[in-house]
Amino acid sequence: MQNALLKNHPRGTIKRHTGLYVANLAWYHRMIQYKPIPKDDAGATLRGSRETFFGAGSLNINTGLNPAVIIRSEDGSYGCVINITENGSDFSLHAEKAVEQAIAKFAVNKISKDSIETALIGGSDSAKWKTTKLIGILRKAKLPMNEFDLNGMFYRKLYFDPKSGVAKVFREEVNTAHWNPGSASLSLNDGTRGFSEGHVGGVVTNATRFFRQQSTFKALREHIIPEHLQITPGKPFYLWSAACSSGVEAYSYAMYIHRLLTRARAGIPFMVFGTDINEKLVKTATEGEYDVAGKDLAEYGAYFNRYGTINGSSVKFGDEIKKFVSFRRFDLKNKPRSRKFRMIVCANVFQYYQDDAREHFLGNFISALERPGYIFANPLTPNLAKKIGLEVLSKYQMMRAL
Ligand SMILES: C[S@@+](CC[C@H](N)C(=O)[O-])C[C@H]1O[C@@H](n2cnc3c(N)ncnc32)[C@H](O)[C@@H]1O
């Protein structure tokens, strides 16, 4: 499963176009042998609140504000797009049925579960809960999944070609009459001296969540903190949350590390440094007050209570945890000052950049790492990691510099 995940990981290249394209997400490039399948089943199947579009040829779907699941056979001979329109409590039921139906349809076409790959194109901010449910359903179905983070208040049209594995997302801002011309990929050439906040903001979303990258927390608990305590007892532990958006990622690490170190009675200093190119987000992060209604409150209420004050649907972090976080504006293009971090997390950013920029960012990260040092940057591109001398720890979907 792990190998399949790595093998199928997206390059996530997003090319700039004139015209209507906003994002062009291409899967891992490789030669695809096209195996024709009769097109008799191409088109939409409407079942109550779900639409599933199957086909061997290209598929055009208007997904509105919903997240969409794309499933494709590795050889590109067959694909489908699932769009769940249900808004109520039956959402999961419909979604599970749709995924089951898709797997069955692939089986009828003699495509086994082992040779399919899936992607999730995130829906609008208001439909984030659906994205979370879909992730759970795809995991339960044991399907490898790549997540593309395209939240925001947008209606979307999706064009998907199973043969090439390319999904193009056209988006329209809510309440505007026309589809937006957009750009969506950043190369180093786009930021000769550095990236401008406005340019990045036009391409990259600010979507973030508490405790988002589960594998990194597991890595901290099982491996990184115990190793740090063993090989450098007494030495401070520094983590950099690079491109931290509004800071919930940095607070999540700070609370988690504080808990781990307290339990281990380690008594060492630690700091989580959060940076982002967006000044406003850095300000929000420094203030440390967030809306945590619903799921966040249900899942992480104990953390919020322990490290902050909950007031209705918001949490305000207190000094006890704020003293372990520090935020500032920083462009990943720039070389960091030489603080030695044990771990750097740059989550959900690389998909917006081309390989030249990813390599440059990783180079900067390596220069700021302790040895051994750990980097989480997704999508993880094993070839790129290898090229710049990083080891891939597939168990934690992380990279290590020795
Ligand atoms: C999708 S959010 C991810 C936030 C967080 N890491 C997470 O996973 O929850 C992407 C963030 O990357 C930031 N970003 C993009 N390019 C950047 C750059 N060159 N330098 C610093 N921040 C950048 C954006 O401002 C945005 O807040």
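Just follow the structure's listing: the first ligand is 1, and inside any ligand the first atom is 1. Along the sequence shown, residues carry numbers from 1. The model shown is predicted, which means the values in this text are computed figures rather than measured ones.
Close contacts of ligand 1 with Ser245, meaning ligand atoms under 4.0 Å from a residue heavy atom, involve 4 (C), 27 (O). Residue Asn348 approaches ligand 1 through these ligand atoms, each under 4.0 Å from one of its heavy atoms: 1 (C), 3 (C), 7 (C), 8 (O), 10 (C). For ligand 1, the atoms closer than 4.0 angstrom to any heavy atom of Asp331 are 18 (C), 19 (N), 20 (N). Heavy-atom proximity to Thr208, at under 4.0 Å, picks out these atoms of ligand 1: 5 (C), 7 (C), 9 (O). Under a 4.0 Å criterion applied to the non-hydrogen atoms of Phe195, ligand 1 contributes the atoms 19 (N). Atoms of ligand 1 lying under 4.0 Å from any heavy atom of Leu281, numbered from 1 in the order shown and given with element: 27 (O).
With Tyr78 as reference, Asn109 is the one residue of Val108, Ile71, Asn109 to meet the side-chain contact (heavy atoms from CB on, under 4.5 Å) rule. Screening Ile321, Val345, Leu239 for a side-chain contact (heavy atoms from CB on, under 4.5 Å) with Val272, the sole residue that qualifies is Leu239. With respect to Thr216, the side-chain hydrogen bond (donor to acceptor under 3.5 Å, both in side chains) criterion is satisfied by exactly one of Tyr396, Tyr253, Tyr256: Tyr253.
Here ring-ring contact (aromatic ring centres under 6.0 Å, His included) pairs that include residues 227-251, with residues two or more places apart or in two chains, are His228-Phe237, Tyr238-Phe273, Trp240-Phe330, Trp240-Phe341, Trp240-Phe365, Tyr251-Tyr290, Tyr251-Phe317, Tyr251-Phe327. Under the ring-ring contact (aromatic ring centres under 6.0 Å, His included) criterion, the residue pairs touching residues 371-390 are His223-Tyr374, with sequence neighbours excluded.
Interatomic distance, Leu332 CG to Ile277 CD1, rounded to the nearest 0.5 Å: 7.5 Å. In this structure, Leu260 CG and Ile224 CD1 are separated by 10.5 Å, a value rounded to the nearest 0.5 Å.
At a 4.0 Å heavy-atom cut-off, ligand 1 does not touch Val345 at all. Contacts with ligand 1 closer than 4.0 Å are made by backbone heavy atoms (N, CA, C, O) of Ala207 only, the side chain lying farther away. With a heavy-atom cut-off of 4.0 Å, Phe330 touches ligand 1 through its backbone alone. Residue contacts with ligand 1, taken as heavy atom pairs separated by less than 4.0 Å, involve Val349 solely via side-chain atoms from C-beta onward.
With no hydrogens or angles considered, a side-chain donor-acceptor pair links Ser241 and Glu249 at under 3.5 Å. Side chains of Asn348 and Asn378: a donor on one and an acceptor on the other come within 3.5 Å. Inspection of the Asp114 and Ser112 side chains reveals no N or O donor paired with an N or O acceptor under 3.5 Å.
By the 3.5 Å distance cut-off applied to N or O atoms, Cys244 is not counted among the residues near ligand 1. Below 3.5 Å of separation, one finds an N or O of Leu332 facing an N or O of ligand 1. The shortest N or O to N or O distance between Ala347 and ligand 1 is below 3.5 Å. By the 3.5 Å distance cut-off applied to N or O atoms, Gln213 is not counted among the residues near ligand 1. For a threshold of 3.5 Å applied to N or O pairs, the pair formed by Tyr353 and ligand 1 contains at least one separation below that value.
Residue-ligand proximity: Lys333 is placed with every non-hydrogen atom at 4.0 Å or more from ligand 1.
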